[in-house]
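Below, chain A is the first sequence line, B the second, and so on; all start at residue 1.
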There are 2 protein chains.
Amino acid sequence: MKNLQIHIKVSPELYLKNPDSSELGHRIIAGSIELINELGFEVFTFKKLGDKIGSPESSIYRYFESKHTLLIYLTSWFWSWVEYQLVFATANINSPIDKLEKTIKILTQPVEVDKSFSYINEVLLHKIIITESVKVYHTKDVDDENEKGYFSSYKQVVQRVSDMVLEINPTFKFPQMLISTVIEGANHQRYFAQHLPALTNVEKGKDNIIKFYTDLVFKAIK
Amino acid sequence: MKNLQIHIKVSPELYLKNPDSSELGHRIIAGSIELINELGFEVFTFKKLGDKIGSPESSIYRYFESKHTLLIYLTSWFWSWVEYQLVFATANINSPIDKLEKTIKILTQPVEVDKSFSYINEVLLHKIIITESVKVYHTKDVDDENEKGYFSSYKQVVQRVSDMVLEINPTFKFPQMLISTVIEGANHQRYFAQHLPALTNVEKGKDNIIKFYTDLVFKAIK
DNA sequence: GCAAATATAATAGTATTACTATCAATAATG
DNA sequence: CATTATTGATAGTAATACTATTATATTTGC
């Protein structure tokens with residue numbers, strides 16, 4: 001994407017101190033994206049992150065309450081960024097069908113680097129979304145955290161795309177169900193392709209995932 | 001389901017000592033199903049389970065290497081049990097379409113108690129599948145564990161249903177992708193209905209989830 | 001340009017977790 | 001009834017997920 005200097009806004013409830021407001025904050029975000037990828041979320045700790053970025057863990061605790069809220073911060077950033085991409089990519093398209101098709105593509109395709117956000121590696125972040133993001137809301141605290149608005153950026157993406165579905169077929173009864181199925185599904189399939197290929201049908205070279213979910217959506221709402 | 005006394009076989013790699021071979025084993029399984037539901041997998045520990053069932057944690061460690069393999073054991077049992085239900089329910093149906101429809105229903109409907117397996121509460125176990133099962137294979141050890149066959153019962157269900165799809169439409173290119181999308185999707189939607197209703201379209205009383213995925217499958221393969 | 005406020009570093013400490021190890025007591029089995 | 005297997009009781013350990021305190025930079029407001 002272009003070299004605009006845009007800032008993605010993340011709800012302040014997700015941090016104690018805004019990581020986008022200091023150099024240490026940037027290092028925390030950039031370092032955590034790398035380290036979570038490297039170790040996996042369970043093995044990742046603030047101690048190890050501190051060692052990596054050369055700061056004590058106590059400093060990281062001044063930005064984030066826990067590694068769990070840091071992960072929510074990252075996913076929240078990601079979904080806001082996806083929404084921005086969505087709006088950007090469909091801005092001048094008039095046909096609702098073309099708009100939805102383009103949107104499904106963005107939601108299901110592999111992510112490319114976006115130079116607009118210097119310290120965030122979107123490709124690695126997408127890998128975290130694929131591998132770790134289910135852990136964000138599969139906890140005993142979901143209801144609490146949902147009330148505090150922790151998942152609003154994800155819900156907003158689902159809502160925006162659901163509205164596009166309704167634009168095409170106002171009588172369709174399950175837009176949110178369809179779109180969340182597609183988003184979660186595409187991530188799952190990308191994960192399966194790498195780790196549990198028996199559960200998917202991904203061939204090298206071809207991107208079956210985009211095709212499969214595009215077909216699925218248009219057949220479902222017809 | 002009927003009162004047959006059938007034993008679900010779980011791969012021996014998943015335990016150190018077969019929990020189905022002793023009374024303590026049964027208490028571990030029954031107790032863990034209750035306690036994981038109550039506390040959530042992260043907060044659940046063998047210490048707490050030991051207190052609940054009146055045995056020291058060291059005894060539990062003689063059955064399972066870790067709480068992670070215990071969870072895999074539970075999900076593995078569940079998918080074997082689902083497969084048995086699938087076979088049972090479609091045994092005398094000749095029409096491939098009826099068979100698939102019945103199958104999708106079983107995969108997406110709420111679970112009912114099955115008296116055949118006395119010490120296992122299938123309804124609670126299904127709640128664990130819905131809430132915790134993604135954690136089973138979203139770890140750094142997936143590839144390793146997959147090679148050891150830890151996920152074979154789940155893969156077998158997907159394979160069986162994929163074959164039914166191919167029976168109806170032998171040219172359909174993405175059977176595994178479709179079926180794993182449906183299974184994971186239905187579980188996700190049930191979770192969303194309870195905790196993140198903005199992501200789904202479930203109304204009280206009606207079971208939209210079964211309807212939605214049944215439609216989706218038949219439209220996709222037509 | 002300097003005091004005051006703020007951010008970060010350095011270090012220490014704690015309850016809990018996820019185990020492993022050892023030995024005694026009990027129950028099952030041949 | 002002697003042997004073997006199973007469970008209980010107890011202890012111990014490194015790592016985790018924090019909290020707290022004090023010292024040292026760095027920024028900022030006047």
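Axis angle, first five pairs versus last five pairs of the helix from C/dG1-D/dC30 to C/dG30-D/dC1: 20°, rounded to 10°.
Residues satisfying the side chain to side chain contact (heavy atoms under 4.5 Å, CB included) criterion with B/N201, sequence neighbours excluded, are A/F174, A/P175, A/Q176, A/M177. Every side chain to side chain donor-acceptor pair (under 3.5 Å) that A/Y154 has, sequence neighbours left out, goes to A/E184. Not counting sequence neighbours, the partners of B/F78 by the ring-ring contact (aromatic ring centres under 6.0 Å, His included) test are B/W81, B/H126. The side chain to side chain donor-acceptor pair (under 3.5 Å) check on B/K67 picks up nothing, with sequence neighbours excluded. Checked against side chain to side chain contact (heavy atoms under 4.5 Å, CB included), B/S21 has the following partners two or more places apart in sequence or in another chain: B/K17, B/N18. Legend: residues meeting side chain to side chain contact (heavy atoms under 4.5 Å, CB included) with B/A186, ordered by chain and number and at least two apart, are B/T108, B/I209, B/Y213. With sequence neighbours excluded, no residue forms a ring-ring contact (aromatic ring centres under 6.0 Å, His included) with A/Y150. A/F192 pairs by the ring-ring contact (aromatic ring centres under 6.0 Å, His included) definition with A/H188, B/Y137, not counting sequence neighbours.
Taking a 4.0 Å limit (strictly below) on heavy-atom distances, residues 33-51 of chain A reaches DNA chain D at A/T45, A/K48. For the segment residues 12-30 of chain A, no residue has any heavy atom less than 4.0 angstrom from an atom of DNA chain D.
Using a 4.0 Å cut-off between charged side-chain N and carboxylate O, A/R190 and A/D207 make a salt bridge. Salt bridge A/E34/A/K52: present, at least one basic N to carboxylate O contact under 4.0 Å. By the 4.0 Å N-to-carboxylate-O rule, A/E145 lies too far from A/K148 to be salt-bridged with it. Under a 4.0 Å N-O distance rule, the pair B/E42/A/K140 does not qualify as a salt bridge.
In this structure, A/F64 reaches neither bases nor backbone, as no heavy-atom distance under 4.0 Å exists between it and the strands shown.
Residues A/R62 and A/L16 form no side-chain contact, since every pair of their non-hydrogen atoms from C-beta on lies 4.5 Å or further apart.
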Reading nucleotides 20-30 of chain C 5' to 3', which nucleotides get B (base under 4.0 Å from a protein heavy atom), which S (sugar-phosphate only), which -? BB---------
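Within the 4.0 Å cut-off from OP1 or OP2 of D/dT7, not a single side-chain nitrogen or oxygen of B/S55 is found. Contact annotation: A/S66 does not reach the phosphate of D/dA17 (side-chain N/O to OP1 or OP2, under 4.0 Å).
Atom-to-atom, CG of B/L70 to C1' of C/dC19 comes out at 15 Å; the value is rounded to the nearest Å. Remark: P of D/dA17 and OH of A/Y63 are 21 Å apart, rounded to the nearest angstrom.
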